[in-house]
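Here the structure is laid out as structure tokens; the discussion comes afterwards.
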Amino acid sequence: VDLGHPLAVAFADENEVLFTRSSDGLVLRASREQPSVYDTVADLSTAIGPERRLSQLIAIGADGWLGLDEKSGQVLRFDQAWQSKGVLVPHGSGKGRVLAPTSVTKLADNRLVVTDSKNHPGQVLAPDGRFLFYLGWSAPGDQRGWEAVAAAADNQGRIWVADETNAVFRLFDAAGGETLQIPFPHPLFLPVALCPTIDERMCVVEE
């Protein structure tokens, strides 16, 4: 089966994976039992527009799903049946808005971290989208001086953010304070996604 260009992937449960692709507005499903068969879960063309694609999917339990729409600069909400529930994080600059979002990740306490390449690099939001705080607020001169391209939280509660401008991973604690910087392996290294493992490692997808 031709997958086209997959954009987003998320676990529906331990036996099923959902994904989107660049060629259409479909959400597709693959199962462990039939790994080469792909079912259509939803067609989001009407809900988000025929030319827009979700580049990231986040499961939010019984409340459904979040989808990152980079083209419109929004984080959208969907229920379990993939019916649109509106915009969770609107487009724009300033607190609680995203201008050019690059990633959204859910923390263990259901708070959200949204990274942005044009607005503030990292924001932490409540599950309802309400602004809580900026990452790195204790360093006001450093707030807008770098571009965040991906984020994830590890099993220790730390928030990892890939800083493309300075070629480092920035680590933040649960309160948003920066605790460590780890240089990229080499100057041309370009992370596009981060994913923690259960054995305390961080997997990095690199362009």
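Numbering of residues begins at 1 and proceeds along the displayed sequence. Excluded from the calculations below are hydrogen atoms, water molecules and symmetry mates; all remaining heavy atoms, backbone and side chain alike, are included.
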For atom CD of Glu33, decide whether the heavy atoms of other residues, nucleotides or ligands shown that lie under 6.0 angstrom number more than 12.
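Atom CD in Glu33 is crowded, with more than 12 foreign heavy atoms closer than 6.0 Å.
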[X] versus [Y]: any side-chain heavy-atom pair under 4.5 Å?
{"X": "Ile60", "Y": "Leu66", "answer": "yes"}
{"X": "Ser117", "Y": "Thr102", "answer": "yes"}
{"X": "Asp173", "Y": "Arg158", "answer": "no"}
{"X": "Glu51", "Y": "Lys71", "answer": "yes"}
{"X": "His5", "Y": "Arg21", "answer": "no"}
{"X": "Ile159", "Y": "Val161", "answer": "yes"}
{"X": "Ser103", "Y": "Gln56", "answer": "yes"}

Please test Val124 against Leu112 for side-chain contact (heavy atoms from CB on, under 4.5 Å), starting from the C-alpha separation and ending with a verdict.
CA-CA 6 Å; Val124 177; Leu112 302 172; over 6 Å; no
Taking all non-hydrogen atoms of both residues into account, name the closest pair between [X] and [Y] and its distance.
{"X": "Thr115", "Y": "Ala151", "value": "CG2-CB, 3.5 Å"}
{"X": "Glu147", "Y": "Thr165", "value": "N-OG1, 2.8 Å"}
{"X": "Cys195", "Y": "Ala152", "value": "N-CB, 4.4 Å"}

Using the rule given for side-chain contact (heavy atoms from CB on, under 4.5 Å), can you reason through Gln156 versus Glu200, listing the C-alpha separation, both sets of side-chain angles and the distance that settles it, and then say yes or no?
CA-CA 8 Å; Gln156 300 178 42; Glu200 306 298 332; 3.4 Å; yes
Report the hydrophobic cluster partners of [X], with the cluster defined as I, L, V, M, F, W, Y residues connected by side-chain heavy atoms closer than 4.5 angstrom, directly or transitively.
{"X": "Val205", "answer": "Val192"}
{"X": "Phe184", "answer": "Trp160, Phe169, Leu171, Leu180, Ile182, Phe189, Leu194, Met202, Val204"}
{"X": "Leu54", "answer": "Leu18, Val27, Val41, Leu44, Ile48, Leu57, Trp65, Leu76, Phe78, Trp82, Val87"}
{"X": "Leu99", "answer": "none"}

Report the residues that fulfil side-chain hydrogen bond (donor to acceptor under 3.5 Å, both in side chains) with [X], sequence neighbours left out, ordered by chain and then residue number.
{"X": "Asp199", "result": "Thr197"}
{"X": "Asp39", "result": "none"}
{"X": "Asp43", "result": "Ser45"}
{"X": "Glu164", "result": "none"}

Sort and list the pairs that fulfil salt bridge (Lys or Arg N to Asp or Glu O under 4.0 Å) and have at least one residue in residues 179-194, not counting sequence neighbours.
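For residues 179-194: none.
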Where at least one partner belongs to residues 58-69, residue pairs that pass salt bridge (Lys or Arg N to Asp or Glu O under 4.0 Å), sequence neighbours excluded:
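For residues 58-69: Arg52-Asp69.
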Is a donor on one side and an acceptor on the other found under 3.5 Å between the side chain of [X] and the backbone of [Y]?
{"X": "Gln123", "Y": "Gly96", "value": "yes"}
{"X": "Arg53", "Y": "Pro50", "value": "yes"}
{"X": "Asp116", "Y": "Ala100", "value": "yes"}
{"X": "Thr20", "Y": "Ala8", "value": "yes"}
{"X": "Glu206", "Y": "Leu190", "value": "yes"}

Between Val113 and Val104, does the side-chain contact (heavy atoms from CB on, under 4.5 Å) criterion hold? Intermediate values first, please.
CA-CA 6 Å; Val113 176; Val104 57; over 6 Å; no
Under the side-chain contact (heavy atoms from CB on, under 4.5 Å) rule, collect the residues that match up with Asn110, sequence neighbours excluded.
Lys106, Pro127
Show the numbers, then the answer: is there a side-chain contact (heavy atoms from CB on, under 4.5 Å) between Leu132 and Arg111?
CA-CA 9 Å; Leu132 296 176; Arg111 292 179 302 164; 3.6 Å; yes
Quick one about Ser55 and Glu70 (side-chain donor to acceptor, distance below 3.5 Å, no hydrogens or angles considered), yes or no?
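Note: Glu70 and Ser55 side chains meet the donor-acceptor criterion.
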Modelled atom types, side-chain donor and acceptor of Gln83 and Gln80, under 3.5 Å
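Checked: Gln83/Gln80 side chains show no N/O donor-acceptor pair below 3.5 Å.
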Give the ring-plane orientation class for Tyr38 versus Phe19, where under 30° counts as parallel, over 60° as perpendicular and anything between as tilted.
perpendicular
Using ring pair (Phe, Tyr, Trp, His ring centres under 6.0 Å) as the criterion, list what pairs up with Phe11, not counting sequence neighbours.
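Phe11 satisfies ring pair (Phe, Tyr, Trp, His ring centres under 6.0 Å) with no residue once adjacent residues are dropped.
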